[in-house]
Amino acid sequence: MPSIHRYSDDCHRGVLPEQGTPPPRALRQIKDYTPNFPSQHWDAIANFVRDVARDVQCATSTPVSDLMSVLARYVLWAWQTAGIDLDRELLFRPDVIEEFIDHACPTLTSSSRGTYRSRLLRVRRILFDTEGTSVRSYTAPLPPADPRRPYSAAELSALRNWASAQHSEIRRRDCWTLLALGAGAGLASEDIVRLKTDDVTIDSLGILLQVTGRRARLVPVLAAWEQPIIDATVAIGPGLPLFGAQRTSFNNNAISALVGRSSASRIKPSLQRLRITWILHHLAIGTPVSHLMRAAGIESLAAFDRYLRDLPDPDENEFRTALRGTHHTGDKS
């Protein structure tokens, strides 16, 4: 379980003095509320939920019982399933609320999900004074990048920061795995969603992926991207998906859903660009084309034509040395 965030003073609790103190009857209702889930789970989150409810009750028209019901269900999911610490700034992020509504309320009607969403966003606005801020507009994204362009070193660094900045351990692991499989092995979405931990071989030669499906093949992983795959394989255990271990189907949308709901960033990964970056890296370092075609699942040399324009020009010495041949003897006979 994630750790429980403890509050040492009113500043950390986010108390809003201008909202006033709830009336005694509301305070009793908040204190006496008991949800319909195991008591050991409620014991772990009750103080956090009650603190939030006391801080927002006077500024919302939602009845106390309804407010407590929504908060209890949401906080339990965020803490237990999403793996988020009981920290207000992490837990009441707009993207976390959206994920809860999209995936944790399957038995609710569309109207009820809308009510839950409105109440949770209202709680967020009260806690953080964000009236008028759109749930989708935390950080203005950059214009869409050319999907055929490889990532620069600076952009790859930014993507690593994006993965590390996610709000839960599970999401951080999935984001790092996604980057490693894209930039380290050139896998496409259809390859990634089928890959299981049993398809990962870790030995003295590094990591080898057994890709299944339409383009079944073996793919060695670049050394610089091995560690996230090792970490995920060990953490998840045998027989489960390497990416999104809780999935039950080969749904390509799982990747776009993760990226779309990920923590705000001015750069998010494109698997197409990650694959192009991987291919260009191998072409630039001189990986034999036949090996690269095999690992990439490419059957024709013509498929590489579109990548050649992005290869850096070699300097004169490198150009001459490569074409001279390392075993050239200079024999004039």
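Just the heavy atoms: all of them, side chains too, but no hydrogens, waters or symmetry mates, feed the values below. In this text, all values refer to a predicted model and were calculated from it rather than measured experimentally.
Side chain of T60 to backbone of V56: no donor-acceptor contact under 3.5 angstrom is found. With hydrogens and angles disregarded, no donor-acceptor distance shorter than 3.5 Å links the side chain of T277 to the backbone of A183. Side chain of S157 to main chain of A153: no donor-acceptor pair is present (N/O by atom type, distance under 3.5 Å, no hydrogens or angles). Proximity of a side-chain donor or acceptor of S69 to a complementary backbone N or O of S65 within less than 3.5 Å is not detected. The main-chain N or O of R149 is found under 3.5 Å from a side-chain atom of R273 such that the two form a donor-acceptor pair. In terms of modelled atom types and a separation under 3.5 Å, the side chain of R275 and the main chain of A296 share a donor-acceptor contact.
The side-chain hydrogen bond (donor to acceptor under 3.5 Å, both in side chains) check on S164 picks up W176, with sequence neighbours excluded. Not counting sequence neighbours, R28 has no partner by the salt bridge (Lys or Arg N to Asp or Glu O under 4.0 Å) test. In this structure, the salt bridge (Lys or Arg N to Asp or Glu O under 4.0 Å) partners of R214, at least two apart in sequence or on a different chain, are E190. Not counting sequence neighbours, the partners of D66 by the salt bridge (Lys or Arg N to Asp or Glu O under 4.0 Å) test are R119. Applying the side-chain contact (heavy atoms from CB on, under 4.5 Å) test to L205 and every residue at least two apart in sequence or in another chain returns D203. Scored by the side-chain contact (heavy atoms from CB on, under 4.5 Å) test, R172 finds Q166, E169 as partners (sequence neighbours excluded). Remark: Q227 pairs with D231 by the side-chain hydrogen bond (donor to acceptor under 3.5 Å, both in side chains) rule, at least two apart or across chains. Here R160 pairs with nothing under the side-chain hydrogen bond (donor to acceptor under 3.5 Å, both in side chains) rule; sequence neighbours left out. Considering only residues two or more places apart in sequence or on other chains, S112 meets the side-chain hydrogen bond (donor to acceptor under 3.5 Å, both in side chains) condition with T109.
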What pairs of donor and acceptor atoms, side-chain ones from residues 234-245 against any protein atom, are under 3.5 angstrom apart with sequence neighbours left out?
none

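Going from atom NE2 of H281 over to atom CG of L292 covers 10.5 Å, rounded to the nearest 0.5 Å. To the nearest 0.5 Å, atoms CG (L280) and CD1 (I285) are separated by 11.5 Å. Interatomic distance, OH of Y33 versus CG of L67, reported as 10.0 Å (0.5 Å rounding). Distance CZ/R117 to CG/L108: 14.5 Å, rounded to 0.5 Å.
In this structure, I202 and V200 have side chains that are in contact, with non-hydrogen atoms separated by less than 4.5 Å. Using a 4.5 Å cut-off on side-chain heavy atoms (C-beta onward), L120 and V70 make contact. Using a 4.5 Å heavy-atom cutoff, the side chains of V49 and V52 are not in contact. Counting only heavy atoms from C-beta outward, the side chains of V219 and W278 approach each other to under 4.5 Å.
In this structure, Y74 has its ring center closer than 6.0 angstrom to the ring center of F92.
Listed by first then second residue, pairs satisfying salt bridge (charged side-chain N to carboxylate O under 4.0 Å, His left out) with a partner in residues 277-292 number zero, not counting sequence neighbours.
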Notebook entry, point to check: Run the salt bridge (charged side-chain N to carboxylate O under 4.0 Å, His left out) check on R217 and D191 step by step: do they pass?
Noted result: CA-CA 10 Å; R217 61 198 187 277; D191 303 323; 3.0 Å; yes
Checklist line | Chi angles and distances behind the side-chain contact (heavy atoms from CB on, under 4.5 Å) call for I192, L178 | finding: CA-CA 8 Å; I192 292 174; L178 186 67; 3.9 Å; yes
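The residues D51 and R54 are annotated as salt-bridged, a charged nitrogen and a carboxylate oxygen being separated by less than 4.0 angstrom.
The hydrophobic cluster containing L208, built from Ile/Leu/Val/Met/Phe/Trp/Tyr side-chain heavy atoms closer than 4.5 Å, also comprises L218.
Ring pair H41/F37 is tilted by interplanar angle, where 30° to 60° counts as tilted.
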